[in-house]
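This report concerns only the one structure given below.
Within every chain, numbering begins at 1; the chains are lettered A, B, ... in the order of the sequence lines, protein sequences first and strands thereafter.
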There are 2 protein chains.
Amino acid sequence: MTTAAESASKAAGKAVSKSGLAYDWLHEQIVAGDLPPGARLVLSQVAEKLDVSVVPVREAVRRLEAEGLVTFEKNVGATVAGIDPVEYLYTMQTLSLVEGAATALSAPAVGPADIARAREVNARMRECLHDFDPVQFTALNREFHSVLFEHCPNPHILDLVHRGWNRLKALRGSTFSYVPERAAESVEEHEQLLSLIERGAPTAEVELAARRHRSATLDAYLARTGESPGFPTL
Amino acid sequence: MTTAAESASKAAGKAVSKSGLAYDWLHEQIVAGDLPPGARLVLSQVAEKLDVSVVPVREAVRRLEAEGLVTFEKNVGATVAGIDPVEYLYTMQTLSLVEGAATALSAPAVGPADIARAREVNARMRECLHDFDPVQFTALNREFHSVLFEHCPNPHILDLVHRGWNRLKALRGSTFSYVPERAAESVEEHEQLLSLIERGAPTAEVELAARRHRSATLDAYLARTGESPGFPTL
DNA sequence: TATACGAAAATCGTATACGAAGTCTCGGGG
DNA sequence: CCCCGAGACTTCGTATACGATTTTCGTATA
């Protein structure tokens, strides 16, 4: 018999312990959107599905809670977190902060090969613009930015960036995932960002540009919904 | 009989579950420095000391791991994290990033009463300068900055600030905790920071000042040890 | 003496079992 | 018809037990 656990293990190829297996499986399900926000996670059910006991599942859920991907209420249960609009604002603001820094800190280590790769990805994003393919566009967008921030030498900041992206990705399918008005602008800003990095612009300048690039999406979202942030912006 | 668990519970007054109890106790021990970096945490021993079983302790340790306060190696055990100098650099850099943002975002909500309180704390820091009392100075320093960033409306950023401070506090007693050359400067910069906030300076300006205030301590540390960061700074 | 090997101890990882707390349902009363 | 309470049901929280893995230490051998 082939359990869901085994296929998850095969897919990720990195689960070493059973708690790690449960974590990987749940993380994948949530980030991929198969477990939508608000979905309930019953420990015993997950345990049975993965053919493990509840203890490792419990541990996995607590880890996901620490990442902000699920909320865990005492004696009630775990639910996939995320649909609160204000939470979206917080996440975007935090991501704009840490991603801006990560991109700036990465910049000196970004070589011509990385630049070329990013340009290629950006070109494909342009195509998605014509084809009206938001899903692919979103995926490419993450790939583009990954190239720019993955060389960040500070692992803490890099980890925060990953967490922010994962939180956002978990919201795909919800209202916030894609702001059409921003898509075209975004592709242009990507080009400007690459130019800055290519010419070795000062760290502060790259940081500001990268931060603005993201917070502009937040602004567009706010403009579209007609909401006011209700708190200061960076 | 009075167990260590009960006294910890009484001290914090917030432990609801046993895993929460174990977490609180370990967190307090680590942050207070009673469990120095490198100390080994054996689950069964901690469990016995707190008069609970190993399962809640295990969960507490994983939570602490997520915060970066302990490292947990498979089939080996948990140790209190922290003495690596490069790790100190990463932590300080991250803290300078998030604390700068938190302070800037707090600024509009900081009222005259807060300002007055901060001034009072800063005055006491001046006294510590004369009395050569680094421990008290460090404590007051945290209190001072708490007043400035605790109004941060974004809970994610605020949480990151708390984590950073806790990590640093856990290192007290190690080489990094106190940079004498910075103490005097620091008190002056506090005054400048208060002036900025008092007059309602732009968010970006407050952020930069708060960030610089912290990263300057990092620079002083590097200057003293003669080390080079080996990676870009913000 | 240094090193390789093996057994024993220590410690973690997980399964199972039971108790505690919360939630839902259904029946009775207003 | 609506409100409310007792019971059962669901789900988490923790304890205990056992297996798996690593480390340690003694011993024999080159």
Side-chain angles (χ1 to χ4, degrees), chain A residues 1 3-6 8-9 12-27 29-30 35 37-81, chain B residues 1 3-6 8-9 12-27 29-30 35 38-67 69-81:
Chain A
M1 148 188 179
T3 64
E6 288 169 24
S9 169
K14 59 182 173 179
V16 287
S17 61
K18 300 207 175 177
S19 71
L21 180 75
Y23 173 82
D24 289 342
W25 186 79
L26 285 171
H27 189 279
Q29 294 285 311
I30 293 172
L35 286 171
R40 279 198 77 171
L41 299 176
V42 178
L43 298 189
S44 57
Q45 290 177 4
V46 176
E48 190 181 2
K49 187 172 191 65
L50 268 57
D51 197 31
V52 299
S53 98
V54 296
V55 180
V57 176
R58 177 187 172 82
E59 181 174 322
V61 169
R62 295 313 283 248
R63 272 213 278 166
L64 292 166
E65 184 192 22
E67 278 184 61
L69 259 49
V70 310
T71 59
F72 201 36
E73 205 173 344
K74 179 181 170 73
N75 288 319
V76 173
T79 60
V80 178
Chain B
M1 150 187 184
T3 64
E6 288 171 23
S9 170
K14 59 183 173 181
V16 287
S17 62
K18 300 206 175 177
S19 69
L21 181 75
Y23 172 82
D24 289 341
W25 187 79
L26 285 171
H27 189 279
Q29 293 285 312
I30 294 172
L35 286 171
R40 194 114 188 257
L41 298 177
V42 178
L43 297 190
S44 56
Q45 290 176 5
V46 176
E48 191 181 1
K49 186 171 192 66
L50 268 58
D51 197 29
V52 298
S53 100
V54 297
V55 179
V57 176
R58 177 186 173 81
E59 180 174 322
V61 168
R62 298 306 293 243
R63 273 213 278 165
L64 292 166
E65 183 192 22
E67 279 185 61
L69 259 50
V70 309
T71 59
F72 201 37
E73 205 174 345
K74 180 182 167 71
N75 287 320
V76 173
T79 59
V80 180

If you measure from CG on B/Leu69 to CG on B/Leu26, what distance do you get to the nearest 0.5 Å? 10.0 Å

CD/B/Glu65: more than 12 non-hydrogen atoms of other groups inside 6.0 Å: yes

Let me have a per-nucleotide readout for nucleotides 9-22 of chain D, 5' to 3', with B, S or -, counting only protein heavy atoms under 4.0 Å. --SBSSBB----SS

Nearest 0.5 Å, what's the CD-CZ distance between A/Glu59 and B/Arg62? 4.0 Å

Would you mind pulling out the nucleotide paired to C/dA9, Watson-Crick or G-U wobble, both distances under 3.5 Å? D/dT22

Nearest 0.5 Å, please: how far is CG in B/Leu43 from CD in B/Glu48? 13.0 Å

Pairing check on D/dA30: which nucleotide meets the Watson-Crick or G-U wobble criteria with it, both distances under 3.5 Å? C/dT1

Please tell me if the side chains of A/Glu67 and A/His27 come closer than 4.5 Å, counting only heavy atoms from C-beta onward. yes

